[in-house]
**Student:** 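Next up is a structure, given as structure tokens.
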Amino acid sequence: MSTTAPPTNHTDSLHGALAEFEALLGQAAVITDPVALHEFRDPFTYRESDQWDAAAAVLPTTTEQVAEVVKIANRFGVPLWTFSQGRNNTYGGPAPRVKGAVIVNLRNMNRVIEIDEDLAFAVVEPGVRWFDLYDALEAAGGRLWTSIPDLGWGSVIGNSTEYGRGYTPFGDHAENICGLEVVLPTGEIMRTGMGGMSNSQTSHVYKHAFGPQLQGLFQSSGLGIITRMGFWLQRRPETYASCWLSFEGDEALAAAVDRMREFMLDGTVTNYPVILHGVALDDDGNPSFTPDDDLWLARFALYGRPEIVDAHWAACERVFGEIPGLTLRRRVYDGTDRTSHAGHEDRVMAGIPDMDILELFQSVYGEDTAHLDFSPVGPLRGSDVVETAHLMQGLYEKTGERFFSGLMLSPRSVIHISTMFFDPHDEQQTAAVYANYSAMLAVMRERGYPIYRTNLQHMDEVAEQFDFNDGVLLRVNERIKDVLDPNGILQPGKSGVWAKRYREQNS
């Protein structure tokens, strides 16, 4: 599929749209300078490439302004690409899928609109970062924790609607979404679920809808611009224990995976554990890369009243202790303690955001180190995990890449996230990494392991892998796109879904 903007009088249309954007938002909120627009390039592709360059960026501050931006784009046929903080770097960052699109940058819509400590939810705008939400929760009384990803600079809405993950009991961030305010591709403003009633008291406490549930249509899609989101939160526990397993070899890995699955299914472990390969941990909880191919580290947490945490830890010691050569450790914190955690690994499972892991990633090629994440999803069975780990490690060995893997566990599934590090100033190396991604994609397709999200360059390739019944899933997505976005304005090519105008252009 082409990644260029539609050819029909695009320059004239763009100039007309930009004039109206400036009249609406003010000149300072419309960026057209080519050098200034470099900020919105994909930082993890070849640095000199203009493949994903935007034509302009606009910075609205209200839902009403977003709606007017969309209406203007419709009148002029100008494609829009939206992001919140634009920190989703391994998947494209702020860059648009279509070159020459206008970026809608929502960073300045950064209010935490509401925190309800009794019912444990917050309402946020798209520019709210994990740092911002954490600070607001502490200021509101500290009775609530939020789950967070490894880096705190990203958007709560952006990460959650892209199926991002954290590590507390609320670590499946998409599952915490309850009630969206959305600007549709026509410029209409809609609220989902119970929020469809203008004076609803349950917009953010009851997930289901009257009739079809539309909320999911706006996750990882180009069907609307989310300007407000309800987000469920965790009650602060009395006690929190950061727990680790260390072991070596295939048999121990398989056994640890199967035992962890059973603990998650029976409620002993309620958070979202991670098993790491290629990383060592010092006594202060700081990670570093290690060449030890046999070493695995598993991270999980226990929460609740002290006697419950102690009882669950005793069960973990007994059951995991049956695995030969495995070692366990834990560090216990009071739930009100937000300052004394040993390091990033302890903080992240307590919902305390930081940027520490960035230093680990930048240790490979320096400050400009880029990385490309490969993230197939498989079943949570020990034997499957071992087979997949060997398969992926072999793929890395063929290219001489270091194999770093983070297995993100759910009670029934595991995301096998591996990372390819490269120097984005090296055009040949960058191209080789993206080509290797395609090769790994084909191998995982044969294994029946789909990819849960991907970067700009592989969106079409991943979408085409969902081929059941002659690709009916993609065709239905295209039909929905054509109905809701008849002019093909929003997020063209997002997740491999193209509006009719683009499909006809390339037919």
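All values below come from the heavy atoms of this structure, side chains included, with hydrogens, waters and symmetry mates left out.
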**Student:** Using a strict threshold of under 4.0 Å (side-chain N to carboxylate O), is an ion pair present between Arg479 and Asp482?
**Tutor:**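 No, no charged N to carboxylate O under 4.0 Å.
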**Student:** Under 4.0 Å between a Lys/Arg side-chain N and an Asp/Glu carboxylate O for Glu387 and Arg447?
**Tutor:** yes
**Student:** Which pair of heavy atoms, one from Ala57 and one from Phe40, lies closest together, and at what distance?
**Tutor:** CB-CE1, 3.6 Å
**Student:** Does the cation-pi check pass for Arg299 over Tyr167, that is, NZ or CZ under 6.0 Å from the six-membered ring centre and within 45° of its axis?
**Tutor:** yes
**Student:** For the side chain to side chain contact (heavy atoms under 4.5 Å, CB included) test, which of Ile417, Thr454, Thr419 pairs with Ser375?
**Tutor:** Ile417
**Student:** Inspect the contact between Arg41 and Asp50 and indicate whether a charged nitrogen and a carboxylate oxygen are less than 4.0 angstrom apart.
**Tutor:** no
**Student:** When you check the gap from the basic side-chain N to the acidic O, do Glu461 and Arg445 get nearer than 4.0 Å?
**Tutor:** no
**Student:** Is the shortest side-chain N to carboxylate O distance from Lys500 to Glu478 below 4.0 Å?
**Tutor:** no
**Student:** For Asp423 versus Gln429, what's the shortest heavy-atom pair and its separation?
**Tutor:**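 Looks like N-OE1, 2.9 Å.
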**Student:** Which distance, rounded to the nearest 0.5 Å, do you find between the CG of Leu151 and the CZ of Arg129?
**Tutor:**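 It is 12.5 Å, given to the nearest 0.5 Å.
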**Student:** Tell me the closest heavy-atom pair linking Ile189 and Thr63, and the distance in Å.
**Tutor:** CD1-CG2, 3.7 Å
**Student:** For the residue pair His204 and Phe121, does the interplanar ring angle fall in the parallel (under 30°), tilted (30 to 60°) or perpendicular (over 60°) class?
**Tutor:**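 Answer is tilted, since the angle falls between 30° and 60°.
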**Student:** What do you reckon, are the aromatic ring centroids of Phe374 and Tyr437 less than 6.0 Å apart?
**Tutor:**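 Here the rings of Tyr437 and Phe374 have centres that are less than 6.0 Å from each other.
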**Student:** Heavy-atom distance under 4.5 Å between the side chains of Val274 and Leu409, does that happen here?
**Tutor:** no
**Student:** Taking side chain as C-beta onward, heavy atoms only, is Pro149 less than 4.5 Å from Asn159?
**Tutor:**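 Yes, their side chains come closer than 4.5 Å.
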**Student:** May I have the step-by-step check of salt bridge (Lys or Arg N to Asp or Glu O under 4.0 Å) for Glu427 and Arg47, ending in yes or no?
**Tutor:** CA-CA 8 Å; Glu427 185 174 13; Arg47 286 293 171 87; over 6 Å; no
**Student:** What distance do Tyr449 atom OH and Leu391 atom CG have between them, rounded to the nearest 0.5 Å?
**Tutor:** 9.0 Å
**Student:** With side chain to side chain contact (heavy atoms under 4.5 Å, CB included) as the criterion, how do Val414 and Val377 come out once you've worked through the C-alpha distance, each side chain's angles and the decisive distance to 0.1 Å?
**Tutor:** CA-CA 6 Å; Val414 53; Val377 183; over 6 Å; no
**Student:** Minimum heavy-atom separation for Gly154 to Gln85, with atom names?
**Tutor:** C-CG, 4.1 Å
**Student:** Between Trp232 and His173, does the ring centroid distance fall short of 6.0 Å?
**Tutor:** no
**Student:** Go through it in stages, so that I can follow the logic: the residues are Thr45 and Gln457, the test is side chain to side chain donor-acceptor pair (under 3.5 Å), and I'd like the CA-CA distance, side-chain angles, deciding distance and then a yes or no.
**Tutor:** CA-CA 10 Å; Thr45 189; Gln457 297 191 35; 3.2 Å; yes
**Student:** Charged N to carboxylate O under 4.0 angstrom, Arg97 versus Asp42?
**Tutor:** no
**Student:** Determine whether Val69 and Val104 satisfy the following criterion, side chain to side chain contact (heavy atoms under 4.5 Å, CB included), listing intermediate values before the conclusion.
**Tutor:** CA-CA 8 Å; Val69 165; Val104 182; 4.2 Å; yes
**Student:** For the side chain to side chain contact (heavy atoms under 4.5 Å, CB included) test, which of Ser155, Ser220, Ser495 pairs with Glu162?
**Tutor:** Ser220
**Student:** Take Phe422 and Tyr434, measure what side chain to side chain contact (heavy atoms under 4.5 Å, CB included) needs, and give me the verdict at the end.
**Tutor:** CA-CA 10 Å; Phe422 60 97; Tyr434 281 89; 3.9 Å; yes
**Student:** Would you say Tyr134 and Ile148 make side-chain contact, with heavy atoms under 4.5 Å?
**Tutor:**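 With C-beta onward as the side chain, the pair stays apart.
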**Student:** Given side chain to side chain contact (heavy atoms under 4.5 Å, CB included), test Arg235 with Trp145 step by step and report yes or no.
**Tutor:** CA-CA 6 Å; Arg235 177 70 70 217; Trp145 287 10; over 6 Å; no
**Student:** For a side chain to side chain contact (heavy atoms under 4.5 Å, CB included) with Phe231, tell me which candidate from Ile157, Thr146, Val123 qualifies.
**Tutor:**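 Output: one option passes, namely Thr146.
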**Student:** Which pair of non-hydrogen atoms, one from Leu380 and one from Ser413, has the smallest distance, and what is that distance?
**Tutor:**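 Scanning both residues completely, I find the closest heavy atoms to be CB-N, 3.7 Å.
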**Student:** May I ask you to test the Met190-Phe218 pair for a side-chain heavy-atom distance under 4.5 Å?
**Tutor:**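 Yes, close enough: below the 4.5 Å cut-off.
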**Student:** Once ring-ring contact (aromatic ring centres under 6.0 Å, His included) is applied, do any residues pair with His208, and if so which ones, sequence neighbours excluded?
**Tutor:**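 Applying ring-ring contact (aromatic ring centres under 6.0 Å, His included) to His208 gives Tyr206.
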**Student:** Side chain of Glu114, backbone of Ala122: donor and acceptor closer than 3.5 Å?
**Tutor:** no
**Student:** Go through the steps to decide whether Phe361 and Phe421 satisfy the test ring pair (Phe, Tyr, Trp, His ring centres under 6.0 Å), and finish with yes or no.
**Tutor:** CA-CA 8 Å; Phe361 281 8; Phe421 294 96; 5.5 Å; yes
**Student:** Taking the basic N atoms (NZ, or NE/NH1/NH2) and the acidic carboxylate oxygens, is any pair closer than 4.0 Å for Glu39 and Arg107?
**Tutor:** yes
**Student:** Less than 4.0 Å between a side-chain N and a carboxylate O, is that true for Asp373 and Arg453?
**Tutor:**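 Looking at Arg453 and Asp373, the cut-off is not met.
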**Student:** Is the closest side-chain heavy-atom distance between Phe404 and Ser418 below 4.5 Å?
**Tutor:** no
**Student:** Quick check: closest heavy atoms across Leu106 and Pro60, and the distance to 0.1 Å?
**Tutor:** CD2-CG, 3.9 Å
**Student:** Enter the distance from Leu407:CG to Met260:CE here, rounded to the nearest 0.5 Å.
**Tutor:** 11.0 Å
